[in-house]
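All values below were derived from every heavy atom in this structure, side-chain atoms included, with hydrogens, water molecules and symmetry-related copies excluded. Quick caveat, the model's predicted, so the values are computed rather than measured.
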Amino acid sequence: MNSSSVVVAAMAALMMFLLLAPISDAAISCSDVMKDLRPCVNYLTSGTGKPPSACCAGASALQSAASSSADKKAACECIKSASKSLNPNPQLAQALPANCGINLPYTISPSVDCSKIS
């Protein structure tokens with residue numbers, strides 16, 4: 001499978017997730033989260049080294065947008081579900097916040113426990 005096929009498949013999976021995502025009390029939506037992190041998809045699935053600047057800009061925008069506990073939990077759930085279909089490189093995903101100079105209260109992982117976020 002070539003890289004453009006992977007990107008198309010990943011975007012299709014993200015769009016399916018967005019259509020099926022539950023509505024919550026959070027002000028942030030999964031579409032907002034995915035829009036912010038879309039520049040990170042190629043890096044997280046097949047990148048190396050430091051993340052691209054567009055990815056870090058999106059991650060920083062997500063950090064700013066997810067200010068309440070409900071927003072943080074909603075963003076975590078969106079990322080968790082997307083991670084299941086994207087299958088990101090675990091080391092790159094875990095290091096993304098630090099490599100972008102931000103602090104997220106959760107890891108980018110399909111197994112993160114979003115209920116523990118405050």
Side-chain angles (χ1 to χ4, degrees):
M1 188 181 266
N2 65 33
S3 63
S4 63
S5 307
V6 170
V7 171
V8 170
M11 294 314 242
L14 284 173
M15 294 309 291
M16 287 300 298
F17 169 73
L18 294 175
L19 292 172
L20 300 173
I23 298 173
S24 72
D25 292 333
I28 195 166
S29 69
C30 280
S31 61
D32 293 333
V33 172
M34 294 304 115
K35 176 183 60 94
D36 287 339
L37 295 182
R38 189 168 289 126
C40 300
V41 171
N42 285 339
Y43 171 75
L44 290 172
T45 57
S46 59
T48 58
K50 294 281 185 186
S53 60
C55 172
C56 288
S60 181
L62 174 60
Q63 178 191 26
S64 296
S67 55
S68 71
S69 291
D71 286 340
K72 290 173 186 173
K73 287 180 182 180
C76 179
E77 291 293 345
C78 292
I79 292 169
K80 180 178 180 175
S81 292
S83 293
K84 289 177 181 176
S85 61
L86 289 176
N87 195 24
N89 175 312
Q91 291 82 19
L92 292 176
Q94 186 172 4
L96 180 70
N99 285 339
C100 287
I102 64 169
N103 184 20
L104 294 177
Y106 46 83
T107 57
I108 299 172
S109 165
S111 61
V112 63
D113 184 356
C114 298
S115 69
K116 293 183 178 180
I117 296 170
S118 56

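Applying the side chain to side chain donor-acceptor pair (under 3.5 Å) criterion to S111, with sequence neighbours excluded, gives S109. Checked against side chain to side chain contact (heavy atoms under 4.5 Å, CB included), C56 has the following partners two or more places apart in sequence or in another chain: P51, C100. Here L92 pairs with Y43, L44, N89 under the side chain to side chain contact (heavy atoms under 4.5 Å, CB included) rule; sequence neighbours left out. Residues that satisfy the side chain to side chain contact (heavy atoms under 4.5 Å, CB included) test with K84, not counting sequence neighbours, are K80, P110. Taking the side chain to side chain donor-acceptor pair (under 3.5 Å) definition, one finds that S115 meets it with D113, sequence neighbours left out.
The two residues T107 and Q94 make their nearest non-hydrogen contact at CG2-CG, 4.5 Å. Smallest separation of non-hydrogen atoms from L104 and P97: CD1-CG, 3.8 Å.
Atoms SG and CD1, on C76 and I28 in that order, are 11.5 Å from each other to the nearest 0.5 Å. With values rounded to the nearest 0.5 angstrom, L62 atom CG is found 10.0 Å from K35 atom NZ. Atoms CD and NZ, on Q63 and K72 in that order, are 8.5 Å from each other to the nearest 0.5 Å.
Put simply, the side chain of C55 reaches to within 4.5 Å of the side chain of L96, judged on heavy atoms.
Using a distance-only test at 3.5 Å, with no hydrogens or angles considered, a donor-acceptor pair links the side chain of D71 to the main chain of A27. S81 places no side-chain N or O within 3.5 Å of a backbone atom of C78 that could act as its donor or acceptor partner.
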Are I117 and V112 close enough, and set up right, to give a side chain to side chain contact (heavy atoms under 4.5 Å, CB included), and what steps lead you there? CA-CA 10 Å; I117 296 170; V112 63; 5.6 Å; no
